[in-house]
There are 2 protein chains.
Amino acid sequence: METLTEKTEGGAKANSPVPLLNPVEIEIIQIFVQFSRALGQPRSLAEIYGLLFISHEPLPMDTLIERLNLSKGSASQGLKYLQDLGAVQTVYVAGERRSHYKAVAELRNLAGRFLRRQILTPFEGGEIRLNRIAAQAQKLSGEQRKHINARVKMLRSWGRNVRRVLPFVLKILGDGI
Amino acid sequence: METLTEKTEGGAKANSPVPLLNPVEIEIIQIFVQFSRALGQPRSLAEIYGLLFISHEPLPMDTLIERLNLSKGSASQGLKYLQDLGAVQTVYVAGERRSHYKAVAELRNLAGRFLRRQILTPFEGGEIRLNRIAAQAQKLSGEQRKHINARVKMLRSWGRNVRRVLPFVLKILGDGI
DNA sequence: TATTTTGTTCAATATAAAATGAACAAAATA
DNA sequence: TATTTTGTTCATTTTATATTGAACAAAATA
């Protein structure tokens with residue numbers, strides 16, 4: 001993940017010698033970055049979520065940009081995505097004009113929305129295709145048709161099982177804390 | 001996904017007018033391609049698995065290369081990956097020198113190995129980090145330390161829940177067909 | 001043994017995805 | 001109203017990943 005501390009180049013203007021992130025923040029963010037890779041999500045999302053997760057107070061976008069070394073665009077889009085997912089919420093901070101953000105840390109909600117978006121929705125599109133395939137298959141000769149019908153049946157069953165498993169997953173994830 | 005039928009360019013040598021894939025194969029492969037995107041896996045894996053899944057007989061690498069328009073490298077690496085995952089097996093075909101491949105179509109096994117690789121392994125690395133973080137946190141002042149300890153506790157709980165949920169998932173996926 | 005078939009490896013290339021930052025808009029303040 | 005602050009959008013650039021294909025190796029056949 002590259003060092004996340006200020007690179008003090010030997011330039012004219014003295015750079016701030018203070019690290020952008022402390023060791024704890026770095027480790028926490030690395031956990032989320034690693035996990036985001038496993039889920040195929042962009043690193044910037046993990047960085048944003050990670051820093052908000054470990055921060056004891058809500059942070060404005062500027063702070064995220066500065067400390068994570070993000071572009072405005074990434075920060076803005078990343079926060080929007082995380083809000084849509086329900087992983088981040090805005091918080092009103094007295095006397096502050098800027099929106100402040102905090103991590104929503106309920107695994108059940110996070111996982112639920114993510115799984116629904118990522119797994120369930122693609123599976124639903126599949127249903128439509130399976131009907132088309134079943135229709136097509138009837139035009140084919142005996143041997144072929146039989147095999148295709150079996151496969152279609154199997155995919156339908158997979159779909160049912162996946163849909164069936166979600167509520168259980170969410171229940172278990174929601175139980176302990 | 002681009003049309004997957006032979007592009008009969010008006011060249012000198014007459015191209016085979018026979019489509020590389022029939023409509024049913026195309027639809028099935030599209031289902032797997034769509035799903036692979038959701039899981040962040042390369043398209044070529046989905047194409048290979050999809051064609052083997054719907055084929056009523058085991059296929060050699062050559063056939064996959066030809067019909068899916070893959071390079072040798074992709075086909076070789078893709079088959080290796082799918083075999084490691086347990087999603088594809090080699091089959092002996094009498095009188096044939098080349099290995100033939102077939103799709104392993106048990107959702108339980110597929111999902112199990114995939115989840116273990118993709119989710120569980122990264123989570124385990126996290127445990128080590130959490131211990132380092134917990135140690136670091138003790139150096140900090142009261143307010144901060146309290147919050148970090150709470151977060152570490154939460155992440156540990158997430159890890160437990162994720163590990164706890166896997167057996168249930170596998171059980172349900174293995175039940176119906 | 002020489003030749004063909006079959007398959008692997010990996011540096012180079014192509015492709016897809018994420019990040020950037022300039023231009024813009026909306027709202028708050030002076 | 002003019003100016004500053006805050007945030008969004010999106011064409012361009014960068015980065016990461018997948019794919020290619022030439023070189024290579026191993027095994028089977030002639």
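In this text, all values refer to a predicted model and were calculated from it rather than measured experimentally. Chain A is the first sequence line, chain B the second, and so forth, proteins listed ahead of strands; every chain is numbered from 1.
- The phosphate of dA19(C) (OP1 or OP2) has a side-chain N or O of S44(A) nearer than 4.0 angstrom.
- Among residues two or more places apart in sequence or in another chain, the side-chain contact (heavy atoms from CB on, under 4.5 Å) test is passed with D62(B) by R98(B).
- Between I54(B) and I29(B), the closest side-chain pair of non-hydrogen atoms is not below 4.5 Å.
- Residue H100(A) is the one, among H100(A) and L45(B), whose nearest nucleotide of DNA chain D lies closer to the 5' end (criterion: closest heavy atom).
- Rounding to whole angstrom units, CG of residue L79(A) and C1' of dT6(D) are separated by 13 Å.
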Show each protein N/O and nucleotides 1-3 of chain D N/O combination with a separation under 3.5 Å, one pair to a line.
none

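- Separating the CG atom of L82(B) from the P atom of dA18(D) is a distance of 13 Å, rounded to the nearest angstrom.
- The aromatic ring centres of F168(B) and F168(A) sit 6.0 Å or more apart.
- Annotation for A46(B) and F32(B): closest pair CB-O, 3.3 Å, computed over non-hydrogen atoms.
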>> Can you build the contact string for nucleotides 11-17 of chain D? Use B for base contact, S for sugar-phosphate-only contact, and - for no protein heavy atom under 4.0 Å.
In response: ------S
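- Distances shown here put every side-chain N or O of S76(B) at or beyond 4.0 Å from the OP1 or OP2 atom of dT9(C).
- Residue whose closest nucleotide on DNA chain D sits further toward the 5' end, between Q41(B) and Y101(A): Y101(A).
- For the 3.5 Å distance criterion, the side chains of N131(A) and R156(A) qualify, holding a donor opposite an acceptor.
- Qualifying salt bridge (charged side-chain N to carboxylate O under 4.0 Å, His left out) partners for R151(A), counting only residues two or more places apart in sequence or in other chains: none.
- One atom, CD1 of I65(B), and another, P of dT20(D), lie 10 Å apart when rounded to the nearest Å.
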List every contact pair, protein side and nucleotides 22-30 of chain C side both N or O, where the distance is under 3.5 Å.
residue, atom, partner, partner atom, Å
dA28(C), O4', R97(A), NH2, 3.4

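- Within a 6.0 Å sphere centred on CD of E66(B), other residues, nucleotides and ligands contribute 12 heavy atoms or fewer.
- For the residue pair E47(A) / N69(A), no side-chain donor-acceptor distance below 3.5 Å is found, with atom types taken as modelled.
- Look at CG on L70(A): it is 6 Å from P on dT20(C), rounded to the nearest Å.
- Under the side-chain contact (heavy atoms from CB on, under 4.5 Å) criterion, L166(B) pairs with L115(B), L120(B), sequence neighbours left out.
- Evaluation of the side-chain contact (heavy atoms from CB on, under 4.5 Å) rule for R97(B) yields no partner, not counting sequence neighbours.
- Rounded to a whole Å, the CD1 atom of I48(B) is 14 Å from the C1' atom of dG7(C).
- Distance, Y81(B) OH to dT8(C) P: 17 Å, rounded to whole Å.
- Legend: residues meeting ring-ring contact (aromatic ring centres under 6.0 Å, His included) with Y101(A), ordered by chain and number and at least two apart, are absent.
- If you measure from atom CZ of R43(B) to atom C1' of dT19(D), you get 12 Å, rounded to the nearest angstrom.
- Using a 4.0 Å cut-off between charged nitrogen and carboxylate oxygen, E25(B) and R67(B) count as a salt-bridge pair.
- One interatomic measurement links the two molecules: CG of D84(A) to P of dT8(D), which rounds to 11 Å at whole-angstrom precision.
- Among the nucleotides dT8(C), dG21(D), dT9(D), the one closest to any side-chain atom of M61(B) is dT8(C).
- Considering only side-chain N and O atoms, S99(B) lies under 4.0 angstrom from the phosphate OP1 or OP2 of dG7(C).
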All N/O donor-acceptor pairs, side-chain side in residues 75-94 of chain B, below 3.5 Å, sequence neighbours left out:
residue, atom, partner, partner atom, Å
Y81(B), OH, Q41(B), NE2, 3.3

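- Pairs passing the salt bridge (Lys or Arg N to Asp or Glu O under 4.0 Å) check and including a residue from residues 134-146 of chain B, sequence neighbours excluded, do not occur.
- Applying the 4.0 Å criterion to OP1 and OP2 of dT20(D), one finds that S74(B) has a side-chain N or O inside that range.
- For N109(B), the side chain to side chain donor-acceptor pair (under 3.5 Å) criterion is met by no residue, not counting sequence neighbours.
- Paired regions of DNA chain C, where each region holds three or more successive Watson-Crick or G-U pairs whose two hydrogen-bonding distances fall under 3.5 Å, are C:1-30 with D:1-30.
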